[in-house]
Trainee: 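Let me give you the structure first, and then I'll get to my questions.
Each chain gets a letter, A, B and so on, in the order the sequences are listed, and its residues count up from 1. Treat the numbers as computed from the prediction; the structure is a model and nothing was measured.
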Amino acid sequence: MTNRLKLVTWNINSVRLRMPIVERLLAEVQPDVLCLQETKCPDANFPEKAFKAAGYDHIAINGQKGYHGVATVSRLPLSNVEKREFCQMGDSRHIAVDVELAGQAVRIHNFYVPAGGDEPDPEKNDKFDHKLKFMNEMKDWLTGPETAKPAVLVGDLNVAPYEHDVWSHKQLLKVVSHTPIETELFEAVRESGNWLDAMRQFTPMEEKLYTWWSYRAKDWSKADKGRRLDHVWVSDPLKSAIKSTEVLRDARGWEKPSDHAPVVADFEM
DNA sequence: ATGGCGTATGGAATACGA
């Protein structure tokens, strides 16, 4: 029986293209569970063999052709796999599993929230409307019984909620991911389930904290115009178990990188 | 200079990301 759990969440931006750095992460960080988003891979083409060769025998996938897609791979057995559809769009944006930690089931939700397009107006922009509707469904679902159990919610939530989750609060107030309509709804989702923003437990609110840097910057690290779009939330019954979180910024500079960095969360019961 | 790039699809040019 294990009483420790190391979990990584990572928007991989094509799992097939990125297997070399996924394997590097698994070897160097050795997580128990890896939650991936934007796999961009139909289930039939998911690189299961490579994960199994790396010791990750337990694989739960919810993929589709070309876009979106989430996967949770694990060294520990996974049970009660659930793939929830939001907004009746047929999109692959969620998968949940249970792992056993210290004899208890821990629910792990893996999300890829819609990006929302460019124009932050639901009247003019269907993608932004979809994003808001998606978050409203999350708010209605991720409360009560869903959060009464030990649970972790991770993924690319595509919202940078706080001032120091973006490189310039003032310049991003009208940019999708940091508009007040999104950040307020995001907080309402989190609070409706009494979820803990674990990353901000370990990094003070006044300190800049990013998980994503655009591909377009000439020198992403020097410009450092990042946003915290990836998150680790912990339900109330699991709050005492979260011991640390860390953004693996270095991975943003690896060979053929994703534009998101992995986030590690360590639990001990 | 928050898009200057990158990915999937399909086999060139377009959609999408955030």
Trainee: Please report, rounded to the nearest Å, how far the P atom of B/dA1 is from the CG atom of A/D224.
Mentor: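 Atom-to-atom, A/D224 to B/dA1, this comes out as 17 Å.
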Trainee: Can you pull the side-chain hydrogen bond (donor to acceptor under 3.5 Å, both in side chains) pairs that have at least one residue in residues 122-136 of chain A, sequence neighbours excluded?
Mentor: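 Of all non-adjacent pairs touching residues 122-136 of chain A, those that pass side-chain hydrogen bond (donor to acceptor under 3.5 Å, both in side chains) are A/D129-A/K133, A/K131-A/E182.
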Trainee: On DNA chain B, nearest-nucleotide positions of A/R18 versus A/Q171: which is more 5'?
Mentor: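 Nearest-nucleotide comparison on DNA chain B picks A/Q171.
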Trainee: Atom NZ of A/K222 and atom C1' of B/dG4: how far apart are they, to the nearest Å?
Mentor: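 After rounding, the reported distance stands at 15 Å.
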Trainee: In whole Å, what is the span from the CG atom of A/D219 to the P atom of B/dA1?
Mentor: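 Spelled out: CG on A/D219 to P on B/dA1 is 17 Å.
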Trainee: May I ask you to evaluate whether A/K256 reaches the phosphate of B/dT7, defined as a side-chain N or O under 4.0 Å from OP1 or OP2?
Mentor: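 The answer is yes; a side-chain N or O of A/K256 sits under 4.0 Å from OP1 or OP2.
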Trainee: Walk along nucleotides 10-18 of chain B from 5' to 3' and tag each nucleotide B, S or - by protein heavy-atom contact under 4.0 Å, base first, then sugar-phosphate.
Mentor: S-----SBB
Trainee: Please table the atom pairs, donor to acceptor, closer than 3.5 Å between any side-chain atom in residues 201-209 of chain A and protein atoms at least two apart or in another chain.
Mentor:
unit_1	atom_1	unit_2	atom_2	d
A/K208	NZ	A/H164	ND1	3.2
A/K208	NZ	A/V166	O	2.8

Trainee: In whole Å, what separates the P atom of B/dA1 from that of B/dA13?
Mentor: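 The answer is 31 Å between these two P atoms.
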Trainee: What residues form a ring pair (Phe, Tyr, Trp, His ring centres under 6.0 Å) with A/F267, not counting sequence neighbours?
Mentor: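 Once residues adjacent in sequence are excluded, A/F267 has no partner under the ring pair (Phe, Tyr, Trp, His ring centres under 6.0 Å) criterion.
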Trainee: Rounding to an integer number of angstrom, what distance separates B/dG3 and B/dT9 when you compare their C1' atoms?
Mentor: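 One C1' to the other, the span is 23 Å.
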Trainee: Does A/H94 have any ring pair (Phe, Tyr, Trp, His ring centres under 6.0 Å) partners at least two apart in sequence or in another chain, and if so, which?
Mentor: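 A/H94: ring pair (Phe, Tyr, Trp, His ring centres under 6.0 Å) contacts with A/H109, A/F111, A/W141.
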Trainee: Check for me whether A/R24 meets the cation-pi criterion with A/W254, that is, NZ or CZ under 6.0 Å from the six-membered ring centre and within 45 degrees of the ring axis.
Mentor: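 Positive - A/R24 is close enough to the ring of A/W254 and near enough to its axis.
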Trainee: Partners of A/F51 by ring pair (Phe, Tyr, Trp, His ring centres under 6.0 Å), sequence neighbours excluded?
Mentor: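 Checked A/F51 against ring pair (Phe, Tyr, Trp, His ring centres under 6.0 Å); matches are A/F46.
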Trainee: Looking at every strand, decide which applies to A/W167 at a 4.0 Å heavy-atom threshold: base, sugar-phosphate, or nothing.
Mentor: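 Counting heavy atoms under 4.0 Å across all strands, the contact made by A/W167 includes a base.
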Trainee: Quantified in whole Å, what is the C1' atom distance between nucleotide B/dC16 and nucleotide B/dG10?
Mentor: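 Comparing C1' positions in B/dC16 and B/dG10 gives a spacing of 16 Å.
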Trainee: Say you pick atom P in B/dG17 and the same atom in B/dG11; how far apart are they, in whole Å?
Mentor: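 Between the two P atoms, the distance is 22 Å.
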